[in-house]
Amino acid sequence: MKTRIFLTALLLLGCSSAIVAGNCIDNLSRSIARLPEAQTVNINPFVMNLIKPFSSEMKGVKSMNIVSAEDISTADYTRLKKLIEDCQSEGYETVISSNEDGEIARILMKMEKDKIREIVILSLEEDEANLIRIKGAIDPKQLNEIIENNK
């Protein structure tokens with residue numbers, strides 16, 4: 001009986017820590033948002049539907065979240081850098097990854113059923129941190145056309 005109670009408690013503890021931890025992209029977003037001088041812009045589905053008639057590039061985009069912080073401290077930079085390095089972004093495919101001269105840049109995508117479900121653009125410099133999340137059901141062909149038209 002004690003063993004069963006112990007195993008149940010251990011299982012509940014494991015489940016609750018996984019729920020609290022979330023994925024590393026969520027943790028990075030929250031960490032940047034909590035910094036002093038941080039600014040957050042959320043464009044929800046309602047607002048996206050108002051924008052779409054004026055911009056064909058937004059087709060398939062359901063929502064956007066932008067988190068930006070300037071004038072970050074060295075300690076915050078170091079902490080965010082460690083979070084990025086330790087990030088195991090399961091379900092995301094790394095499209096671009098760059099680490100040069102203290103600057104870190106990543107572009108990640110989550111694909112499901114031949115659609116891009118999420119694009120994450122992450123940039124960390126010694127005095128600035130930015131994270132952009134675009135969610136929806138974006139056709140990869142549409143994304144390629146946007147890239148080609150903006151060269």
Side-chain angles (χ1 to χ4, degrees), residues 12-151:
L12 289 173
L13 178 66
C15 291
S16 65
S17 65
I19 291 169
V20 170
N23 73 34
C24 65
I25 303 299
D26 291 334
N27 291 340
L28 280 166
S29 181
R30 280 191 298 270
S31 295
I32 295 170
R34 290 182 184 135
L35 294 174
E37 306 298 324
Q39 297 180 355
T40 302
V41 176
N42 290 309
I43 304 173
N44 61 31
F46 175 74
V47 175
M48 287 304 302
N49 285 330
L50 294 175
I51 296 171
K52 285 180 187 177
F54 303 103
S55 178
S56 62
E57 288 89 8
M58 302 307 266
K59 182 180 179 188
V61 176
K62 301 272 189 257
S63 65
M64 291 178 65
N65 175 264
I66 303 163
V67 183
S68 179
E70 294 181 354
D71 300 325
I72 65 174
S73 69
T74 303
D76 288 330
Y77 169 81
T78 304
R79 186 174 50 82
L80 291 171
K81 182 178 179 185
K82 177 143 178 55
L83 281 173
I84 293 168
E85 290 169 350
D86 294 345
C87 184
Q88 298 296 322
S89 49
E90 293 182 26
Y92 293 87
E93 177 183 337
T94 301
V95 179
I96 294 176
S97 178
S98 172
N99 294 343
E100 293 182 14
D101 302 326
E103 297 178 9
I104 298 171
R106 303 270 192 279
I107 299 178
L108 308 168
M109 278 191 217
K110 183 183 279 189
M111 299 281 295
E112 288 178 10
K113 298 181 183 176
D114 298 329
K115 296 284 183 184
I116 300 169
R117 294 296 176 178
E118 186 173 357
I119 301 171
V120 178
I121 303 167
L122 172 66
S123 169
L124 177 65
E125 298 176 25
E126 292 181 5
D127 64 340
E128 184 178 341
N130 301 290
L131 187 127
I132 301 169
R133 294 177 90 171
I134 303 167
K135 295 183 179 183
I138 304 163
D139 186 354
K141 292 176 188 174
Q142 174 191 348
L143 187 60
N144 285 335
E145 288 174 13
I146 293 169
I147 293 168
E148 290 298 320
N149 290 337
N150 289 302
K151 280 188 176 181

Only counting residues at least two apart or in another chain, list the ones meeting side chain to side chain donor-acceptor pair (under 3.5 Å) with [X].
X	answer
S29	none
R117	none
N42	N65
E148	K151

- Note on the structure: Heavy atoms of A33 and V67 approach each other most closely as N-CG1, 3.5 Å
Is any side-chain heavy atom of [Y] closer than 4.5 Å to one of [X]?
X	Y	answer
L28	V120	no
K115	D139	yes
M109	I134	no

Rounded to the nearest 0.5 Å, how far apart are [atom1] of [X] and [atom2] of [Y]?
X	Y	atom1	atom2	value
I43	I66	CD1	CD1	5.0 Å
D127	S73	CG	OG	11.0 Å
L83	I25	CG	CD1	10.5 Å
N130	I32	CG	CD1	7.0 Å
E125	I104	CD	CD1	10.5 Å
L124	N99	CG	CG	9.5 Å

Just jot down the side-chain contact (heavy atoms from CB on, under 4.5 Å) partners of [X], sequence neighbours excluded, or say none.
X	answer
S98	E100, A105
E126	Y77
P45	S63

Per the disulfide bond (SG atoms under 2.5 Å apart) rule, what does the pair list look like for [range], sequence neighbours excluded?
range	value
residues 93-151	none
residues 66-111	C24-C87
residues 27-58	none

- Any salt bridge (charged side-chain N to carboxylate O under 4.0 Å, His left out) involving residues 128-137? Give me the pairs, sequence neighbours left out, ordered by first then second residue.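 Checked against salt bridge (charged side-chain N to carboxylate O under 4.0 Å, His left out) - neighbours excluded - the pairs reaching residues 128-137 are D26-R133, E118-R133.
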- Item | Pairs satisfying salt bridge (charged side-chain N to carboxylate O under 4.0 Å, His left out), at least one member in residues 72-81, at least two apart | D76-R79
- Query: Would you say Q88 has more than 12 foreign heavy atoms packed within less than 6.0 Å of its CD?
  - Reply: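 It does not: Q88 CD has 12 such atoms or fewer within range.
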- Query: Does N144 CG have over 12 foreign heavy atoms under 6.0 Å away?
  - Reply: yes
- Task: Give the C-alpha distance, both sets of side-chain angles, the deciding distance and a yes or no for side chain to side chain contact (heavy atoms under 4.5 Å, CB included) between L122 and L108.
- Result: CA-CA 8 Å; L122 172 66; L108 308 168; over 6 Å; no
- Message: Set out, in order, the CA-CA distance, both residues' side-chain angles and the distance that settles side chain to side chain contact (heavy atoms under 4.5 Å, CB included) for L35 and L80, then state yes or no.
- Response: CA-CA 11 Å; L35 294 174; L80 291 171; 3.8 Å; yes
- Does Q142 use its side chain to pair, donor to acceptor, with the backbone of K59 at less than 3.5 Å? yes
